[in-house]
Amino acid sequence: MSAGRAAVVCGLGTWLPPRVVTNDDLSQVLDTSDEWIRSRTGIGQRHVADPTMATSDLAVEAGGRAMKSAEVDSVDAVVLATTTPDRPCPATAPLVASRLGLGTVAAFDVVAVCTGFLYGLATGAGMIATGGAERVLVIGADTFSTILDPHDRSTRAIFGDGAGAVVLRAGQPDEDGALGAFDLGSDGTGSELIVIPSGGSRDPRRDPDRPAEGDADPYFRMAGKSVFRNAVERMTASARKTMTDVGWSTPPDVLVAHQANLRILHAVADRVGIARDACAVNLDRVGNTAAASIPLALADATLSGLLRPGHRLLMTAFGGGLAWGSCTMRWPAVTPG
Ligand code: ACO
(Lines give C-alpha, C1' and ligand atoms only; values in the text may rest on other atoms or scores of the structure.)
Protein backbone atom coordinates (compact mmCIF):
# COMPACT_ATOMS: atom_id res chain seq x y z
CA MET A 1 0.00 0.00 0.00
CA SER A 2 1.31 3.46 -0.88
CA ALA A 3 2.04 5.41 2.34
CA GLY A 4 -0.15 8.42 2.98
CA ARG A 5 -2.61 7.56 0.21
CA ALA A 6 -6.30 7.30 1.05
CA ALA A 7 -9.60 6.92 -0.77
CA VAL A 8 -11.65 10.10 -0.40
CA VAL A 9 -15.38 10.46 -1.04
CA CYS A 10 -15.85 13.35 -3.49
CA GLY A 11 -19.33 12.81 -4.97
CA LEU A 12 -22.66 11.29 -4.01
CA GLY A 13 -25.70 10.46 -6.14
CA THR A 14 -28.95 8.58 -5.64
CA TRP A 15 -31.97 7.50 -7.59
CA LEU A 16 -35.34 6.06 -6.64
CA PRO A 17 -37.91 4.69 -9.07
CA PRO A 18 -40.87 7.09 -9.09
CA ARG A 19 -43.60 4.59 -8.19
CA VAL A 20 -44.43 4.65 -4.45
CA VAL A 21 -46.19 1.76 -2.72
CA THR A 22 -47.62 2.71 0.66
CA ASN A 23 -48.43 0.37 3.53
CA ASP A 24 -52.09 0.96 2.78
CA ASP A 25 -51.50 -0.13 -0.83
CA LEU A 26 -49.94 -3.37 0.46
CA SER A 27 -52.82 -3.97 2.84
CA GLN A 28 -55.14 -4.03 -0.19
CA VAL A 29 -53.43 -7.16 -1.52
CA LEU A 30 -51.89 -8.79 1.57
CA ASP A 31 -53.04 -9.62 5.09
CA THR A 32 -51.22 -6.71 6.71
CA SER A 33 -51.82 -3.14 7.90
CA ASP A 34 -50.14 0.23 8.09
CA GLU A 35 -50.26 -0.05 11.89
CA TRP A 36 -48.43 -3.45 11.90
CA ILE A 37 -45.73 -2.41 9.45
CA ARG A 38 -45.07 0.98 11.07
CA SER A 39 -44.98 -0.30 14.63
CA ARG A 40 -42.79 -3.37 13.85
CA THR A 41 -40.42 -1.79 11.31
CA GLY A 42 -40.85 2.00 11.11
CA ILE A 43 -41.50 1.72 7.37
CA GLY A 44 -44.30 3.79 5.84
CA GLN A 45 -43.74 3.34 2.11
CA ARG A 46 -41.23 2.09 -0.43
CA HIS A 47 -40.33 2.83 -4.06
CA VAL A 48 -40.86 0.01 -6.55
CA ALA A 49 -39.38 -0.20 -10.05
CA ASP A 50 -41.70 -0.70 -12.99
CA PRO A 51 -41.42 -4.11 -14.67
CA THR A 52 -39.54 -2.53 -17.59
CA MET A 53 -36.74 -1.40 -15.23
CA ALA A 54 -33.74 -3.48 -14.22
CA THR A 55 -31.05 -2.85 -11.62
CA SER A 56 -28.70 -1.39 -14.26
CA ASP A 57 -31.25 1.34 -15.01
CA LEU A 58 -31.24 2.46 -11.37
CA ALA A 59 -27.45 2.11 -11.13
CA VAL A 60 -26.85 4.26 -14.22
CA GLU A 61 -29.05 7.03 -12.80
CA ALA A 62 -27.33 7.04 -9.40
CA GLY A 63 -23.84 6.60 -10.86
CA GLY A 64 -24.32 9.49 -13.29
CA ARG A 65 -25.55 11.73 -10.50
CA ALA A 66 -22.57 10.81 -8.28
CA MET A 67 -20.17 11.69 -11.09
CA LYS A 68 -21.94 14.99 -11.64
CA SER A 69 -21.76 15.68 -7.90
CA ALA A 70 -18.00 14.95 -8.03
CA GLU A 71 -17.66 17.07 -11.20
CA VAL A 72 -15.84 14.27 -13.03
CA ASP A 73 -16.52 12.59 -16.35
CA SER A 74 -14.21 9.59 -16.03
CA VAL A 75 -13.22 6.97 -13.46
CA ASP A 76 -10.79 4.04 -13.52
CA ALA A 77 -13.20 1.41 -12.22
CA VAL A 78 -16.85 0.73 -11.47
CA VAL A 79 -17.76 -1.46 -8.50
CA LEU A 80 -21.45 -2.37 -8.38
CA ALA A 81 -22.84 -3.87 -5.18
CA THR A 82 -26.02 -5.77 -5.95
CA THR A 83 -27.87 -9.00 -5.20
CA THR A 84 -30.29 -8.43 -8.05
CA PRO A 85 -28.11 -8.24 -11.19
CA ASP A 86 -29.88 -7.75 -14.52
CA ARG A 87 -29.04 -11.37 -15.35
CA PRO A 88 -27.31 -14.20 -13.39
CA CYS A 89 -24.47 -13.88 -15.91
CA PRO A 90 -22.64 -11.65 -16.77
CA ALA A 91 -22.00 -9.06 -14.06
CA THR A 92 -24.09 -5.90 -14.42
CA ALA A 93 -21.26 -3.40 -13.75
CA PRO A 94 -19.73 -3.55 -17.27
CA LEU A 95 -23.11 -2.65 -18.78
CA VAL A 96 -23.47 0.23 -16.29
CA ALA A 97 -19.95 1.46 -17.12
CA SER A 98 -20.60 1.43 -20.86
CA ARG A 99 -23.98 3.13 -20.48
CA LEU A 100 -22.27 5.85 -18.43
CA GLY A 101 -19.83 6.38 -21.29
CA LEU A 102 -16.86 5.18 -19.26
CA GLY A 103 -15.34 3.08 -22.03
CA THR A 104 -13.39 -0.06 -21.17
CA VAL A 105 -12.68 0.55 -17.48
CA ALA A 106 -12.54 -2.30 -14.95
CA ALA A 107 -16.10 -3.10 -13.87
CA PHE A 108 -17.43 -5.88 -11.68
CA ASP A 109 -20.18 -6.76 -9.22
CA VAL A 110 -19.81 -7.36 -5.50
CA VAL A 111 -22.40 -9.57 -3.79
CA ALA A 112 -22.72 -9.01 -0.05
CA VAL A 113 -26.47 -8.40 0.07
CA CYS A 114 -27.30 -5.53 2.48
CA THR A 115 -23.62 -5.03 3.37
CA GLY A 116 -22.72 -4.84 -0.31
CA PHE A 117 -22.14 -1.12 -0.40
CA LEU A 118 -19.58 -1.23 2.43
CA TYR A 119 -17.84 -4.22 0.80
CA GLY A 120 -17.85 -2.20 -2.44
CA LEU A 121 -16.37 0.82 -0.66
CA ALA A 122 -13.63 -1.34 0.85
CA THR A 123 -12.88 -2.80 -2.59
CA GLY A 124 -12.72 0.63 -4.23
CA ALA A 125 -10.61 1.98 -1.37
CA GLY A 126 -8.21 -0.93 -1.77
CA MET A 127 -7.82 -0.27 -5.50
CA ILE A 128 -6.94 3.34 -4.75
CA ALA A 129 -4.65 2.55 -1.80
CA THR A 130 -2.56 0.14 -3.89
CA GLY A 131 -2.22 2.65 -6.71
CA GLY A 132 -4.33 0.59 -9.13
CA ALA A 133 -6.84 3.40 -9.59
CA GLU A 134 -7.08 7.17 -9.08
CA ARG A 135 -10.87 7.29 -9.14
CA VAL A 136 -13.50 4.61 -8.52
CA LEU A 137 -17.28 4.77 -8.86
CA VAL A 138 -18.92 2.62 -6.17
CA ILE A 139 -22.62 1.96 -6.68
CA GLY A 140 -25.14 0.12 -4.52
CA ALA A 141 -28.29 -0.77 -6.47
CA ASP A 142 -31.03 -3.32 -5.94
CA THR A 143 -34.48 -4.16 -7.23
CA PHE A 144 -35.62 -6.54 -4.50
CA SER A 145 -39.16 -6.25 -5.83
CA THR A 146 -38.04 -8.66 -8.57
CA ILE A 147 -37.11 -11.46 -6.12
CA LEU A 148 -39.87 -11.17 -3.50
CA ASP A 149 -42.69 -13.69 -3.23
CA PRO A 150 -45.80 -11.64 -4.04
CA HIS A 151 -47.68 -13.57 -1.29
CA ASP A 152 -45.05 -13.08 1.45
CA ARG A 153 -46.14 -10.20 3.69
CA SER A 154 -43.04 -10.41 5.88
CA THR A 155 -40.67 -9.50 3.03
CA ARG A 156 -42.92 -7.36 0.84
CA ALA A 157 -43.56 -5.06 3.80
CA ILE A 158 -39.87 -4.39 4.23
CA PHE A 159 -38.05 -4.12 0.93
CA GLY A 160 -37.97 -1.32 -1.63
CA ASP A 161 -35.94 -0.61 -4.76
CA GLY A 162 -33.29 2.09 -5.17
CA ALA A 163 -29.72 3.03 -5.97
CA GLY A 164 -26.96 5.19 -4.52
CA ALA A 165 -23.35 5.82 -5.48
CA VAL A 166 -20.19 7.61 -4.44
CA VAL A 167 -17.07 8.62 -6.33
CA LEU A 168 -13.82 7.85 -4.54
CA ARG A 169 -10.61 9.66 -5.47
CA ALA A 170 -7.02 9.31 -4.32
CA GLY A 171 -6.19 11.74 -1.53
CA GLN A 172 -4.70 12.10 1.94
CA PRO A 173 -5.78 10.23 5.10
CA ASP A 174 -6.32 13.47 7.06
CA GLU A 175 -8.74 15.03 4.55
CA ASP A 176 -12.49 15.21 5.17
CA GLY A 177 -14.00 12.39 3.14
CA ALA A 178 -11.04 10.02 3.61
CA LEU A 179 -12.29 6.54 4.45
CA GLY A 180 -10.89 5.53 7.84
CA ALA A 181 -11.05 2.17 9.54
CA PHE A 182 -12.98 -0.71 7.98
CA ASP A 183 -14.29 -3.79 9.72
CA LEU A 184 -15.73 -6.52 7.48
CA GLY A 185 -16.95 -9.94 8.61
CA SER A 186 -19.05 -12.93 7.67
CA ASP A 187 -20.56 -16.08 9.15
CA GLY A 188 -21.55 -18.68 6.58
CA THR A 189 -23.10 -20.92 9.24
CA GLY A 190 -26.05 -18.52 8.97
CA SER A 191 -26.27 -18.64 5.18
CA GLU A 192 -29.77 -20.20 5.27
CA LEU A 193 -31.24 -17.32 7.30
CA ILE A 194 -31.35 -14.98 4.29
CA VAL A 195 -31.57 -17.01 1.11
CA ILE A 196 -33.02 -17.57 -2.35
CA PRO A 197 -33.27 -21.39 -2.12
CA SER A 198 -33.46 -22.24 -5.83
CA GLY A 199 -31.94 -20.96 -9.06
CA GLY A 200 -28.26 -21.35 -8.13
CA SER A 201 -25.89 -24.31 -8.58
CA ARG A 202 -27.07 -25.91 -5.29
CA ASP A 203 -30.59 -26.17 -6.72
CA PRO A 204 -30.82 -24.97 -10.32
CA ARG A 205 -34.63 -25.30 -10.45
CA ARG A 206 -36.31 -21.96 -10.99
CA ASP A 207 -39.99 -22.34 -11.77
CA PRO A 208 -42.23 -23.22 -8.80
CA ASP A 209 -45.17 -23.84 -11.14
CA ARG A 210 -43.62 -26.66 -13.18
CA PRO A 211 -44.73 -29.90 -11.47
CA ALA A 212 -41.69 -31.82 -12.71
CA GLU A 213 -39.54 -29.42 -10.71
CA GLY A 214 -41.23 -30.13 -7.37
CA ASP A 215 -40.86 -27.51 -4.68
CA ALA A 216 -38.37 -25.15 -6.33
CA ASP A 217 -38.37 -21.82 -4.49
CA PRO A 218 -36.95 -18.93 -6.53
CA TYR A 219 -37.95 -16.26 -4.01
CA PHE A 220 -36.00 -14.34 -1.37
CA ARG A 221 -36.62 -15.78 2.13
CA MET A 222 -35.63 -14.34 5.49
CA ALA A 223 -35.88 -15.83 9.00
CA GLY A 224 -36.94 -12.48 10.47
CA LYS A 225 -36.44 -13.05 14.20
CA SER A 226 -33.01 -14.67 13.91
CA VAL A 227 -31.91 -12.05 11.42
CA PHE A 228 -33.11 -9.32 13.78
CA ARG A 229 -31.02 -10.70 16.67
CA ASN A 230 -27.96 -11.22 14.50
CA ALA A 231 -28.28 -7.76 12.97
CA VAL A 232 -28.22 -6.05 16.38
CA GLU A 233 -25.34 -8.15 17.73
CA ARG A 234 -23.15 -8.03 14.62
CA MET A 235 -23.60 -4.34 13.82
CA THR A 236 -23.00 -3.38 17.46
CA ALA A 237 -19.79 -5.44 17.68
CA SER A 238 -18.55 -4.24 14.29
CA ALA A 239 -19.31 -0.59 15.08
CA ARG A 240 -17.49 -0.80 18.42
CA LYS A 241 -14.46 -2.49 16.86
CA THR A 242 -14.21 0.13 14.12
CA MET A 243 -14.40 2.98 16.62
CA THR A 244 -11.63 1.37 18.67
CA ASP A 245 -9.49 0.76 15.58
CA VAL A 246 -9.76 4.38 14.49
CA GLY A 247 -9.15 5.63 18.03
CA TRP A 248 -12.49 7.31 18.78
CA SER A 249 -13.10 7.38 22.53
CA THR A 250 -16.40 9.26 22.23
CA PRO A 251 -19.41 8.34 20.08
CA PRO A 252 -19.51 9.55 16.46
CA ASP A 253 -21.56 12.62 15.55
CA VAL A 254 -23.76 10.63 13.17
CA LEU A 255 -24.60 6.96 12.68
CA VAL A 256 -25.65 5.85 9.22
CA ALA A 257 -26.72 2.23 9.65
CA HIS A 258 -28.33 -0.13 7.17
CA GLN A 259 -32.02 0.81 7.04
CA ALA A 260 -33.67 -2.54 7.83
CA ASN A 261 -35.85 -1.80 10.82
CA LEU A 262 -36.16 1.23 13.13
CA ARG A 263 -36.06 -1.04 16.19
CA ILE A 264 -32.73 -2.47 14.98
CA LEU A 265 -31.32 1.03 14.40
CA HIS A 266 -32.30 2.15 17.89
CA ALA A 267 -30.99 -1.04 19.51
CA VAL A 268 -27.59 -0.60 17.82
CA ALA A 269 -27.43 3.13 18.66
CA ASP A 270 -28.31 2.47 22.32
CA ARG A 271 -25.66 -0.24 22.65
CA VAL A 272 -22.94 1.82 20.94
CA GLY A 273 -23.86 4.89 23.02
CA ILE A 274 -25.08 7.08 20.16
CA ALA A 275 -28.13 9.33 20.71
CA ARG A 276 -31.11 8.11 18.69
CA ASP A 277 -31.50 11.54 17.10
CA ALA A 278 -27.95 11.22 15.73
CA CYS A 279 -29.08 8.22 13.63
CA ALA A 280 -29.93 8.76 10.00
CA VAL A 281 -33.43 7.44 9.30
CA ASN A 282 -35.01 7.29 5.86
CA LEU A 283 -36.52 3.82 6.02
CA ASP A 284 -39.90 5.41 6.74
CA ARG A 285 -39.86 6.65 3.12
CA VAL A 286 -37.80 4.05 1.25
CA GLY A 287 -37.86 0.82 3.28
CA ASN A 288 -34.93 -1.58 3.13
CA THR A 289 -33.19 -0.97 -0.20
CA ALA A 290 -30.42 -3.57 0.41
CA ALA A 291 -27.14 -2.44 -1.23
CA ALA A 292 -28.56 1.04 -1.87
CA SER A 293 -29.48 1.58 1.77
CA ILE A 294 -26.30 3.26 3.07
CA PRO A 295 -25.77 5.75 0.20
CA LEU A 296 -29.48 6.66 0.15
CA ALA A 297 -29.32 7.31 3.89
CA LEU A 298 -26.10 9.34 3.48
CA ALA A 299 -27.78 11.58 0.92
CA ASP A 300 -30.91 11.95 3.02
CA ALA A 301 -28.89 12.83 6.13
CA THR A 302 -26.83 15.37 4.18
CA LEU A 303 -29.87 17.04 2.65
CA SER A 304 -31.68 17.19 6.03
CA GLY A 305 -28.63 18.80 7.68
CA LEU A 306 -28.12 15.91 10.13
CA LEU A 307 -24.77 15.08 8.48
CA ARG A 308 -22.48 18.06 7.91
CA PRO A 309 -18.90 18.54 6.70
CA GLY A 310 -16.37 17.61 9.40
CA HIS A 311 -18.78 15.34 11.29
CA ARG A 312 -17.35 12.05 12.52
CA LEU A 313 -19.47 9.48 10.70
CA LEU A 314 -19.88 5.80 11.46
CA MET A 315 -21.47 3.56 8.83
CA THR A 316 -22.52 0.02 9.66
CA ALA A 317 -24.49 -2.67 7.84
CA PHE A 318 -25.61 -6.27 8.14
CA GLY A 319 -27.25 -8.73 5.79
CA GLY A 320 -27.30 -12.03 3.97
CA GLY A 321 -24.19 -14.20 4.02
CA LEU A 322 -24.30 -13.56 6.85
CA ALA A 323 -22.08 -10.56 6.20
CA TRP A 324 -21.54 -7.31 8.04
CA GLY A 325 -19.26 -4.32 7.98
CA SER A 326 -18.51 -0.85 9.32
CA CYS A 327 -16.45 2.13 8.22
CA THR A 328 -15.56 5.52 9.69
CA MET A 329 -14.80 8.86 8.09
CA ARG A 330 -15.09 12.62 8.52
CA TRP A 331 -17.88 13.72 6.23
CA PRO A 332 -16.73 15.94 3.33
CA ALA A 333 -18.45 18.94 1.72
CA VAL A 334 -20.38 17.13 -1.02
CA THR A 335 -23.69 18.08 -2.56
CA PRO A 336 -25.75 14.96 -3.30
CA GLY A 337 -27.02 14.68 -6.84
N1 ACO B 1 -48.17 -7.82 8.48
C2 ACO B 1 -48.81 -8.49 9.46
N3 ACO B 1 -48.28 -9.55 10.09
C4 ACO B 1 -47.05 -9.92 9.72
C5 ACO B 1 -46.31 -9.26 8.71
C6 ACO B 1 -46.92 -8.17 8.09
N7 ACO B 1 -46.33 -7.46 7.11
N8 ACO B 1 -45.12 -9.88 8.59
C9 ACO B 1 -45.10 -10.89 9.47
N10 ACO B 1 -46.25 -10.93 10.14
C11 ACO B 1 -46.70 -11.83 11.17
C12 ACO B 1 -46.04 -13.19 11.05
O13 ACO B 1 -46.71 -13.98 10.08
C14 ACO B 1 -46.20 -13.74 12.45
O15 ACO B 1 -47.51 -14.24 12.57
P16 ACO B 1 -47.79 -15.59 13.43
O17 ACO B 1 -47.34 -15.24 14.82
O18 ACO B 1 -49.23 -15.80 13.25
O19 ACO B 1 -46.91 -16.63 12.78
C20 ACO B 1 -46.09 -12.49 13.32
O21 ACO B 1 -46.31 -11.37 12.45
C22 ACO B 1 -44.76 -12.34 14.00
O23 ACO B 1 -43.75 -12.55 13.01
P24 ACO B 1 -42.26 -12.26 13.32
O25 ACO B 1 -41.41 -12.60 12.13
O26 ACO B 1 -41.93 -12.90 14.63
O27 ACO B 1 -42.34 -10.66 13.49
P28 ACO B 1 -41.23 -9.66 13.93
O29 ACO B 1 -41.74 -8.80 14.99
O30 ACO B 1 -39.91 -10.38 14.15
O31 ACO B 1 -41.06 -8.74 12.65
C32 ACO B 1 -39.59 -8.49 10.79
C33 ACO B 1 -40.71 -9.30 11.40
C34 ACO B 1 -40.10 -7.08 10.55
C35 ACO B 1 -39.21 -9.15 9.46
C36 ACO B 1 -38.39 -8.46 11.73
O37 ACO B 1 -38.11 -9.76 12.18
C38 ACO B 1 -37.16 -7.88 11.14
O39 ACO B 1 -37.08 -6.69 10.87
N40 ACO B 1 -36.10 -8.68 10.93
C41 ACO B 1 -34.81 -8.22 10.51
C42 ACO B 1 -34.74 -7.79 9.09
C43 ACO B 1 -33.31 -7.36 8.76
O44 ACO B 1 -32.57 -6.87 9.57
N45 ACO B 1 -32.86 -7.55 7.57
C46 ACO B 1 -31.50 -7.14 7.26
C47 ACO B 1 -30.90 -7.99 6.36
S48 ACO B 1 -31.86 -8.16 4.93
C49 ACO B 1 -30.75 -8.50 3.69
O50 ACO B 1 -29.64 -8.79 3.90
C51 ACO B 1 -31.25 -8.48 2.32
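Just follow the structure's listing: the first ligand is 1, and inside any ligand the first atom is 1. The figures here come from the full heavy-atom set of this structure, side chains too, leaving out hydrogens, waters and symmetry mates. In this text, all values refer to a predicted model and were calculated from it rather than measured experimentally.
At under 3.5 Å, not a single nitrogen or oxygen of A157, backbone or side chain, sits near a nitrogen or oxygen of ligand 1. Not one N or O of T41 is nearer than 3.5 Å to an N or O of ligand 1, by distance alone. Note: an N/O pair closer than 3.5 Å links G224 and ligand 1 by distance alone.
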Pair R46-L26, side-chain contact (heavy atoms from CB on, under 4.5 Å): steps then yes or no: CA-CA 10 Å; R46 71 285 299 141; L26 280 184; 3.7 Å; yes
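For atom 35 (C) of ligand 1, the nearest non-hydrogen atom from the set I158, I147, N261, I264 comes from I158. Of the candidates A112, C114, S27, it is C114 that places a heavy atom closest to atom 48 (S) of ligand 1.
Looking only at atom types and distance, the side chain of T84 has no donor-acceptor partner in the side chain of T146 under 3.5 Å away. Between the side chains of T22 and D24, no donor-acceptor pair of N or O atoms lies under 3.5 Å. Side-chain contact, D34 with N23: a donor N or O sits under 3.5 Å from an acceptor N or O. Checked by atom type, the side-chain pair D183/S326 shows no donor-acceptor distance below 3.5 Å.
By the criterion of a heavy-atom distance under 4.0 Å, the side chain of W36, and not its backbone, is placed next to ligand 1. Of the heavy atoms in R156, none comes closer than 4.0 Å to ligand 1. Residue-level proximity to ligand 1 for T32 is carried by backbone and side chain together, each with a heavy atom below 4.0 angstrom.
For the pair E134 and R5, the salt-bridge criterion is met [side-chain N within less than 4.0 Å of a carboxylate O].
Note on ligand 1: T115 sits outside its first shell, no heavy atom being nearer than 4.0 Å. Put simply, part of G320 is less than 4.0 Å from ligand 1, judged by heavy atoms.
Not a single protein heavy atom sits closer than 4.0 Å to atom 23 (O) of ligand 1.
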